[in-house]
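Computation of the quantities below employed the complete heavy-atom set of this structure, encompassing side-chain atoms and omitting hydrogens, waters and symmetry-equivalent molecules. Order of the sequence lines sets the chain letters (A, B, ...), proteins ahead of strands, with each chain counted from 1. This structure is a prediction, so every number in the text was calculated from the model and none was measured.
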There are 2 protein chains.
Amino acid sequence: MADGRLRRIPEATVARLPVYWRALLELAEEGTPTVSSEGLAEMAGENAAKVRKDLSHLGSYGTRGAGYDVQLLTAQIGHELGLNEDWPVVIVGVGNLGRALANYRGFSSRGFRVATLVDADPAKVGQMIGGLVVSPVDDLPALVEREQLAIGLIATPASAAQGVADRLVAAGITSLLNFAPAVLTTPDHVLLRQVDLSIELQILSFYERHPLEVAMRRAKMVGDLAARPAPSF
Amino acid sequence: MADGRLRRIPEATVARLPVYWRALLELAEEGTPTVSSEGLAEMAGENAAKVRKDLSHLGSYGTRGAGYDVQLLTAQIGHELGLNEDWPVVIVGVGNLGRALANYRGFSSRGFRVATLVDADPAKVGQMIGGLVVSPVDDLPALVEREQLAIGLIATPASAAQGVADRLVAAGITSLLNFAPAVLTTPDHVLLRQVDLSIELQILSFYERHPLEVAMRRAKMVGDLAARPAPSF
DNA sequence: ATGTGTGAATCGGTTCACAGCC
DNA sequence: GGCTGTGAACCGATTCACACAT
């Protein structure tokens with residue numbers, strides 16, 4: 001990138017950085033000092049050209065002939081992703097999914113920390129879940145302020161999701177991860193991502209009904225990764 | 001599409017069909033007989049041109065000057081997605097997340113049905129969760145055969161995920177939805193999708209650290225949808 | 001000799017703009 | 001007049017292929 005300090009990292013690259021970072025962490029743990037784009041590609045389920053292009057967007061952290069320094073690259077990616085910082089998150093909705101998220105060890109693993117639980121149902125307010133007391137929705141502005149919350153997870157029924165999003169945004173939240181099966185609208189400065197279980201399943205059932213397309217979709221990827229021997233058949 | 005019966009529906013389109021379908025269902029319930037690409041776009045959070053292009057891949061189901069017949073289009077999309085059929089799924093791993101998935105009402109809402117729960121932990125085998133008994137992993141081949149399972153959800157720890165995927169594939173499963181934070185490898189005929197919570201959060205924290213990019217990413221979308229009045233500020 | 005970094009070619013997907021049908 | 005269906009233009013992302021640094 002010739003190091004022209006005005007980085008614009010493509011969205012597709014951003015979405016893969018966490019995968020590289022996880023692979024690098026694994027390499028660091030086993031003490032591997034350097035890794036090639038080829039090696040990293042295999043661990044990340046991508047191809048080497050893509051890995052090199054992706055990493056080049058961060059700067060020039062590789063060494064020609066030798067590969068990438070694992071420690072250095074881990075630190076750089078972690079820095080870009082903000083993984084050194086502490087990210088307190090709020091979960092709204094403590095039904096099945098909200099409770100599972102609240103108890104999920106795994107984002108606590110890097111920087112993310114469930115700081116607050118909120119629910120609209122008065123019967124749930126005051127309950128203790130995963131070591132936290134459930135607060136009423138009206139407390140959101142105060143909680144966002146006090147806990148310095150920037151990220152909100154919406155785990156309510158679909159019908160409540162837009163209202164909750166509005167209140168989160170009004171309270172000052174700037175990143176939302178919505179698990180409710182509903183299309184949400186937010187102001188431009190708010191980043192909104194969807195995780196929709198039943199959409200994922202519907203995509204799978206589409207391809208179950210169109211099996212030829214699965215083969216063709218994946219055929220182009222031949223050689224991407226040293227195709228592990230397929231188990232049995 | 002001139003109806004040249006060799007449809008190749010773009011992947012991006014497939015991923016949006018469930019959103020259109022949900023919107024159409026809503027319209028059908030309130031008795032709206034037809035909808036324009038503009039109207040559907042607003043409900044789906046897309047723009048009208050994209051909706052028209054997407055729908056054109058299915059065939060010519062609109063009427064120029066009038067829009068799309070809600071009933072007809074719902075049926076067509078539902079048909080493509082296989083939503084009339086019954087899709088029994090198996091969930092492997094009944095930890096926090098697996099249990100939440102097992103109890104999730106919402107994919108039961110259309111065609112999908114949790115038919116089987118499996119876990120490697122002998123202490124969990126035999127437990128009753130959401131009306132189902134947890135089976136041992138070794139029973140997978142028999143269960144897949146008996147229940148005619150095609151879709152598997154992996155909700156195990158990362159370390160177990162590849163092994164579980166291998167056993168599911170060996171048992172005959174052809175679609176996998178992996179919730180474990182691990183890169184999996186499967187044979188070409190198997191469709192694999194990832195849902196990775198901590199990657200989603202890391203993407204959010206990246207953009208929290210690069211707020212200018214959020215604004216720019218969304219600026220281009222101005223006019224996409226009749227920007228609902230932003231709540232307060 | 002090895003493996004990065006990057007222009008150039010390519011591809012898939014989105015947007016534009018309008019011809020054609022109701 | 002209104003709205004779909006679609007070629008053409010455009011754009012972002014992926015892949016190719018190789019010059020260049022170690």
Residues B:D54 and B:T13: side-chain donor-acceptor under 3.5 angstrom: yes
Test item: side-chain donor near acceptor, A:T32 and A:E30, under 3.5 Å: yes
Under-4.0 Å side-chain N/O to phosphate OP1/OP2 contact, B:S36 with D:dC3: no
OP1 or OP2 of D:dG5 under 4.0 Å from side-chain N/O of B:S60: yes
Spacing between [X] atom [atom1] and [N] atom [atom2], to the nearest angstrom:
| X | N | atom1 | atom2 | result |
| --- | --- | --- | --- | --- |
| A:L58 | C:dT4 | CG | P | 14 Å |
| B:K50 | D:dC11 | NZ | C1' | 13 Å |
| A:E11 | D:dA13 | CD | P | 7 Å |
| A:D54 | C:dG5 | CG | P | 12 Å |
| B:H57 | D:dT4 | NE2 | P | 16 Å |
| A:Y61 | D:dT22 | OH | P | 16 Å |
| B:L55 | C:dT15 | CG | P | 15 Å |
| A:N47 | C:dG3 | CG | P | 17 Å |

Kindly give the heavy-atom pair with the smallest separation between [X] and [Y], and that separation in Å.
| X | Y | result |
| --- | --- | --- |
| A:L40 | A:Y20 | CD1-O, 4.3 Å |
| A:V70 | A:L24 | CG1-O, 3.6 Å |
| A:S205 | B:L81 | OG-O, 2.6 Å |

Derivation of the side chain to side chain contact (heavy atoms under 4.5 Å, CB included) call for A:I77 and A:L55: CA-CA 9 Å; A:I77 295 181; A:L55 296 182; 4.1 Å; yes
Positions of residues 63-80 of chain A (non-hydrogen atom under 4.0 Å from DNA chain C), listed by number: A:T63, A:R64, A:G65, A:A66, A:G67, A:Y68
Spacing of B:Q162 atom CD and B:T186 atom OG1 [to the nearest 0.5 Å]: 8.0 Å
A:R113 side chain reached by A:D86 side chain, heavy atoms, under 4.5 Å: yes
Five-pair end axes of the helix from C:dA1-D:dT22 to C:dC22-D:dG1 and the angle they enclose, rounded to 10°: 0°
Considering only nitrogen or oxygen atoms on both sides, find all protein atoms under 3.5 Å from nucleotides 16-18 of chain D and state each distance.
unit_1	atom_1	unit_2	atom_2	d
D:dA17	N6	A:R52	NH2	3.4

Any donor-acceptor pair under 3.5 Å from A:W87 side chain to A:G82 backbone: yes
Sidechain-backbone polar pair: B:N178 side chain, B:A182 backbone, donor-acceptor under 3.5 Å: yes
B:R8/A:E213 ion pair, N-O < 4.0 Å: yes
